[in-house]
**Student:** 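So that we are looking at the same thing, I have put the structure below in structure tokens.
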There are 2 protein chains.
Amino acid sequence: MADLSIDVVAKAAGVHRSTVSRAFSRPEAVKSETREHILRIAEGLGYTMSPLAQALRTKTSTFVPLIVPDITNPFFAELAKTMTQAADERGYQLLLCVTNGDPAKTEGYFTAMQAMYAPFGIVAPSTKVDTDALKRFDFGHKVVVIDRVEGDSSVPTVTVDGRRGIVLALEHLRSLGHTSIGYVSGISGTHTAQDRMDAYLELSAEGSSTPLVLDSGSDPDAAARAAKHFLEMEKPPTAIIAANDMVAFAVISALGQSGIRVPEDVSVMGFDGLALGARFNPPLTTVRQPIADMGNIAIELAEKQNLNGSVDHVVLEPELLVRASTSGPRK
Amino acid sequence: MADLSIDVVAKAAGVHRSTVSRAFSRPEAVKSETREHILRIAEGLGYTMSPLAQALRTKTSTFVPLIVPDITNPFFAELAKTMTQAADERGYQLLLCVTNGDPAKTEGYFTAMQAMYAPFGIVAPSTKVDTDALKRFDFGHKVVVIDRVEGDSSVPTVTVDGRRGIVLALEHLRSLGHTSIGYVSGISGTHTAQDRMDAYLELSAEGSSTPLVLDSGSDPDAAARAAKHFLEMEKPPTAIIAANDMVAFAVISALGQSGIRVPEDVSVMGFDGLALGARFNPPLTTVRQPIADMGNIAIELAEKQNLNGSVDHVVLEPELLVRASTSGPRK
DNA sequence: TCGATTGCTGAGATCGGTTGCAATAACACT
DNA sequence: AGTGTTATTGCAACCGATCTCAGCAATCGA
């Protein structure tokens with residue numbers, strides 16, 4: 001497989017390279033016999049066009065960066081998975097960029113992607129997105145964010161309705177008979193996380209109950225602290241809502257180590273609907289986010305914006321997913 | 001930020017573009033004052049070189065593909081995480097390619113990466129790697145595989161010693177007093193998986209005990225079947241070794257749903273050492289693979305091969321990680 | 001039958017860099 | 001002062017495509 005350039009194919013087919021180029025990228029502009037002949041020859045040689053050269057010349061590539069803080073977090077992993085799929089159904093190539101929460105890295109990826117003529121990018125942030133910072137980049141106006149953003153932003157976004165999710169969780173738990181429901185807010189300063197917490201605080205205050213936030217740290221030990229807090233209470237809540245599935249896992253684990261059983265002693269709900277939750281012990285009741293939809297929609301929004309400059313903000317409906325980590329309150 | 005090409009900088013600095021080029025990529029070839037002047041101007045303009053153009057001309061880029069079957073699998077996610085790190089410490093840019101186990105996609109990524117002049121690639125397979133198939137690609141001889149491969153392959157590899165891992169697991173369990181130890185082999189036809197299973201079969205036959213494979217399917221329900229099998233036995237094993245952490249999670253979950261408790265009723269061990277395991281219920285005892293090392297070494301091997309053609313096969317030592325899912329056998 | 005329109009293909013500039021080679025400047029040495 | 005090096009920089013071709021423009025043949029209308 002020596003060097004296979006467009007000229008090689010052109011020569012082999014006895015045409016000029018511009019014709020070969022057209023045969024590939026603007027098929028209707030070349031006589032069908034010629035085209036088929038060229039394509040056949042190219043096929044035989046095992047020729048494919050250089051995306052590099054193409055991008056360089058056309059100033060537009062099919063690379064779509066997906067910027068996530070931590071791929072180890074199953075939420076982002078699932079997002080990445082569905083998005084790769086969604087991306088290449090549409091002819092894009094998803095590039096996964098992991099920032100570890102470092103804003104400098106995020107910027108680095110931005111300039112890199114700009115340099116690679118990515119048509120747009122997707123950002124799933126771990127902190128509130130500073131849209132102004134985004135726009136400092138030439139590339140910043142071609143980004144869709146998977147989170148809510150501040151103000152009347154000109155950046156397209158996809159989110160799920162966190163408040164609605166909390167409503168579902170609360171309804172589920174109350175219908176089971178729980179009246180004392182705590183909350184553990186793990187990590188993150190995203191708007192999404194904020195919204196969930198706010199919704200909890202507001203909605204759980206309804207009726208006779210009072211909100212109870214067991215812990216709101218964002219470090220790895222937050223769940224352990226929440227568990228400790230729980231154990232020290234003389235009248236602990238009979239149910240707990242965790243800000244997301246990972247936190248729920250950690251809470252259940254920490255509780256378990258102190259002999260507290262879920263759901264026998266306390267019900268615990270997550271929020272995300274990770275596939276992993278089905279394999280947890282016990283399988284986790286949770287509020288499912290339509291992650292696959294988010295991925296698809298993110299790309300659609302980006303394309304739409306690129307096309308006609310429209311900036312949409314889509315908010316999706318979450319869905320209750322009852323598994324085994326919740327039950328009636330311990331009598 | 002209008003179009004910022006090398007010529008713009010050259011004009012601004014009053015030199016020829018070749019000088020600018022050299023100032024960046026071969027600093028010693030240009031007088032230091034000139035260089036600094038150019039760099040300053042470039043800095044001021046916010047100029048960075050186009051990796052595309054560079055790659056096109058030099059026929060070598062810094063893109064390193066990491067090909068994994070499923071990013072949703074925490075093992076690959078952790079690998080990806082440590083490798084992105086390792087990669088950009090060395091000036092590479094890791095491109096995560098997810099195949100979903102589809103060999104066609106793998107090939108697709110190969111040709112794509114070849115086209116992008118990737119210096120080499122890393123493959124973490126989900127099936128036995130067919131090294132001949134690899135070599136059909138021009139790119140195939142620049143790949144390091146994270147698994148053992150068949151025969152006297154000319155492809156560098158990194159693995160951990162699966163047999164040793166099983167020895168550690170067995171020793172741990174036996175020292176706890178277990179004599180009847182089952183095995184659940186989840187997914188995958190990798191050599192790694194095969195090695196573990198073989199080691200179990202051979203080593204568990206020592207002493208008076210006889211091997212007991214609860215299930216060896218690779219589908220999502222394998223763990224459930226294993227659990228069912230366990231429940232139906234009149235004298236089930238007192239401990240179970242799972243082929244990897246994910247399987248262990250699923251087994252514990254399935255067992256839990258039938259009221260079997262871990263480790264009270266049965267001890268369960270995993271294999272991988274996922275961070276997630278620490279948050280499982282109960283925290284999972286497992287055999288840790290040095291994932292971070294694997295990533296670093298994979299890149300080193302690739303570089304070495306590129307440099308002097310050497311093909312090494314590194315096998316790393318696993319390590320016992322005792323958490324809470326194992327204890328003495330139920331009396 | 002002839003100019004006009006349309007369809008298809010070739011020429012050559014261009015995208016943003018790199019690099020071998022030539023030219024010039026600077027310095028060393030006899 | 002004359003000549004041989006060596007350090008710097010400019011020139012121009014090239015990487016592998018795309019794209020505008022022009023040329024040419026075939027088709028069309030009158």
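Quick caveat, the model's predicted, so the values are computed rather than measured. Labels below follow one simple rule: chain letters A, B, ... track the order of the sequence lines, proteins then strands, and each chain is numbered from 1. Hydrogens, waters and symmetry mates play no part in the numbers below; they use all other heavy atoms, side chains included.
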**Student:** When you list every nucleotide of DNA chain D with an atom under 4.0 Å from a heavy atom of chain B, which one comes first 5' to 3', and which comes last?
**Tutor:**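 Using the under 4.0 Å cut-off, the span is D/dT8 to D/dG16.
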
**Student:** Ring centres under 6.0 Å, that's the criterion: do A/Phe63 and B/Phe63 meet it?
**Tutor:**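 Between B/Phe63 and A/Phe63, which both carry aromatic rings, the centre distance is not below 6.0 Å.
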
**Student:** Would you mind reporting whether B/Thr82 and B/Asn296 have side-chain heavy atoms less than 4.5 Å apart?
**Tutor:**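 Heavy-atom side-chain distance check fails, nothing below 4.5 Å.
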
**Student:** Report yes or no: do A/Asp147 and A/Thr192 form a side-chain donor-acceptor pair below 3.5 Å?
**Tutor:**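 Short answer, yes.
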
**Student:** Round to a whole Å and report the spacing from CG of B/Asp7 to P of C/dA13.
**Tutor:**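 Checked: the CG to P distance equals 16 Å.
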
**Student:** Please work out if B/Phe24 contacts a base, only the sugar-phosphate, or nothing of the nucleic acid, heavy-atom cut-off 4.0 Å.
**Tutor:**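 Here B/Phe24 touches no strand at all.
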
**Student:** Is it the case that the side chain of A/Arg35 and the backbone of A/Pro27 share a donor-acceptor pair, with hydrogens and angles ignored and the cut-off at 3.5 Å?
**Tutor:**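 Side chain of A/Arg35 to backbone of A/Pro27, a donor-acceptor pair under 3.5 Å: yes, one is there.
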
**Student:** Are A/Thr159 and A/Leu316 side-chain neighbours, meaning at least one heavy-atom pair lies under 4.5 Å?
**Tutor:**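 They are not in side-chain contact.
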
**Student:** Is the shortest side-chain heavy-atom distance between A/Thr99 and A/Val68 below 4.5 Å?
**Tutor:**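 They are not in contact (no side-chain heavy atoms under 4.5 Å apart), so the answer is no.
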
**Student:** Would you mind reading off the distance between A/Arg57 atom CZ and C/dA13 atom P, rounded to a whole angstrom?
**Tutor:**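 Roughly 12 Å, once rounded to whole Å.
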
**Student:** Give me, pair by pair, the N or O atoms of the protein and of nucleotides 7-10 of chain C that are less than 3.5 Å apart, along with how far apart they are.
**Tutor:**
from, atom 1, to, atom 2, distance (Å)
C/dT9, OP1, A/Thr34, OG1, 2.4
C/dT9, OP2, A/Lys31, N, 3.0
C/dG10, OP2, A/His16, N, 2.9
C/dG10, OP2, A/Thr19, OG1, 2.6
C/dG10, N7, A/Arg22, NH2, 3.0
C/dG10, O6, A/Arg22, NH1, 3.4

**Student:** Whether the side chain of A/Thr34 engages the backbone of A/Val30 through a donor-acceptor N/O pair (distance < 3.5 Å, no angle test) should be reported.
**Tutor:**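 Here the side-chain-to-backbone pair does not exist.
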
**Student:** Once you round it to whole Å, what is the distance between C1' of C/dT14 and CG of A/Leu56?
**Tutor:**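 Result: 9 Å.
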
**Student:** Taking OH from B/Tyr47 and C1' from C/dG17, how many angstroms apart are they, rounded to a whole number?
**Tutor:**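 In whole Å, C/dG17 C1' and B/Tyr47 OH are 7 Å from each other.
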
**Student:** My understanding is that only residues two or more places apart in sequence, or in another chain, count here; which of them pass ring-ring contact (aromatic ring centres under 6.0 Å, His included) with B/Tyr109?
**Tutor:**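 For B/Tyr109, no residue satisfies ring-ring contact (aromatic ring centres under 6.0 Å, His included) once neighbours in sequence are set aside.
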
**Student:** Look at all strands and tell whether B/Ser21 reaches a base, only sugar-phosphate, or nothing, counting heavy atoms closer than 4.0 Å.
**Tutor:**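 Here B/Ser21 touches the bases of the nucleic acid.
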
